[in-house]
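What follows is a short report on a single structure.
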Amino acid sequence: MAQALAGPLAVISDLHSNLEALEAVMADIRAAGVKRIACLGDVVGYGPDPEYCIDTVRAHCEVAILGNHDAAVFDGASDFNPNARAAVEWTRKQLEPGFLSLHAKRARWRWLQELWSQPKRRMWSEGRFLLLHGSPRDPVREYVLHTDGYLNPDKVAAIFAGFTGVCVGGHTHHPGLIDDDFRFHEPEFSAATATMELPAGRKSFVNVGSVGQPRDGDARACYAILEEERVTWRRVQYDFRPTQRKIRERGLPEALARRLELGR
Ligand code: ZN
């Protein structure tokens with residue numbers, strides 16, 4: 001294993017079939033001059049454009065990790081809330097090829113299925129960084145909440161025992177950093193970017209936030225750029241009205257449209 005990151009790495013997570021948000025984030029990554037991109041999963045679910053999001057990740061991400069919504073397309077969504085489950089079922093119908101389906105549709109389905117079926121695609125490590133969707137002990141499903149440090153320190157201790165350097169996840173859609181005293185640091189987004197240091201020899205858990213369905217009260221898309229000793233979150237304004245319109249037109253639950261403007 002290499003000792004350092006091979007170069008600045010843009011980390012996107014929880015795209016959730018949101019074409020407009022992903023397009024804006026990809027443009028922002030290009031503008032920032034970052035060449036390498038990793039995706040921490042939940043490419044699909046909730047939103048109206050799974051095809052576009054899968055195709056973009058396939059074309060541009062050096063690393064793609066499985067999220068729980070990606071997995072639910074194959075595993076079923078019986079443990080999901082009704083809106084999330086309805087969206088997973090819609091997504092499966094949208095993506096699953098039939099007998100006469102064209103090559104592009106089959107290739108897209110096969111890509112998602114391979115992501116789901118290969119256990120080695122649930123984590124990625126590079127230098128001291130460990131990338132995943134949820135947590136080291138349950139990479140696909142466990143939530144590491146921003147409140148866990150003071151409400152649930154034993155849980156955070158167990159999670160911190162599961163990695164050695166910097167663990168980078170998504171899944172909660174809430175950007176921030178838990179330090180090795182289990183304190184959560186919320187990025188200050190009065191500007192479009194916020195940077196925190198990642199001192200050598202100190203463990204931290206970084207959450208990169210969500211591209212396609214932010215839940216920290218800020219409707220802008222969120223992602224992060226990792227460098228060897230710091231992380232920079234970037235917020236990207238996008239027009240969510242077409243996304244909302246498609247959610248309604250395509251028969252997905254109304255609440256999934258509404259929350260995009262609230263960032264909740
Ligand atoms: Zn998600």
Side-chain angles (χ1 to χ4, degrees), residues 10-22 24-25 37-50 52-54 56-57 61 63-92 94-95 112 115-116 121-124 131-136 138-148 167-176 205-224 233 235-236 238 240 243 247 252-253 255-264:
V11 186
I12 60 176
S13 189
D14 298 275
L15 289 48
H16 286 300
S17 300
N18 186 331
L19 179 155
E20 288 74 20
L22 181 55
V25 162
I37 310 176
C39 174
L40 303 188
D42 280 6
V43 178
V44 303
Y46 294 132
D49 287 299
Y52 174 87
C53 292
I54 292 174
T56 300
V57 171
C61 293
V63 178
I65 288 166
L66 180 76
N68 57 316
H69 286 251
D70 311 316
V73 169
F74 305 98
D75 284 335
S78 55
D79 55 333
F80 281 32
N81 71 54
N83 287 339
R85 184 161 61 238
V88 165
E89 280 157 11
W90 179 88
T91 302
R92 184 191 305 116
Q94 191 72 12
L95 293 175
L112 195 63
L115 182 63
W116 165 71
R121 294 186 67 182
R122 299 186 178 184
M123 291 197 253
W124 168 266
L131 276 57
L132 40 75
H133 186 66
S135 89
D138 185 346
V140 183
R141 287 190 170 76
E142 185 175 40
Y143 291 92
V144 182
L145 302 171
H146 64 286
T147 49
D148 278 343
C167 187
V168 183
H171 195 31
T172 66
H173 302 202
H174 195 123
F205 186 98
V206 171
N207 191 307
V208 300
S210 167
V211 170
Q213 195 196 75
R215 291 182 193 159
D216 59 335
D218 185 336
R220 291 175 294 178
C222 188
Y223 75 100
W233 290 268
R235 294 314 283 246
V236 186
Y238 76 99
F240 45 72
T243 327
I247 287 174
L252 288 157
L256 300 179
R258 181 93 177 102
R259 67 189 307 175
L260 293 181
E261 71 195 56
L262 304 172
R264 292 281 176 206

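Residue indices begin at 1 and follow the sequence shown. Counting convention: from 1, in listed order, for ligands and their atoms alike.
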Item checked: Mutual orientation of the aromatic rings belonging to His171 and Tyr143 [parallel < 30°, tilted 30-60°, perpendicular > 60°] -> parallel
Check: Which of parallel (below 30°), tilted (30 to 60°) and perpendicular (above 60°) describes His16 and His69?
Finding: perpendicular
Notebook entry, point to check: Going by chain and residue number, what protein N/O/S atoms come nearer than 2.8 Å to the Zn ion (ligand 1)?
Noted result: Asp14 OD1, His16 NE2, Asp42 OD2, His173 NE2
Check: Can you name the nearest heavy-atom pair linking His173 to Tyr46, along with the distance?
Finding: CE1-CE1, 4.3 Å
Notebook entry, point to check: Asp218: what forms a side chain to side chain donor-acceptor pair (under 3.5 Å) with it, not counting sequence neighbours?
Noted result: Arg220
Item checked: salt_bridge(Asp75, Arg141) N-O dist < 4.0 Å -> yes
Next item on the list: Would you mind checking if Asp216 and Arg235 are paired as a salt bridge, meaning a charged N to carboxylate O distance below 4.0 Å?
Entry: yes
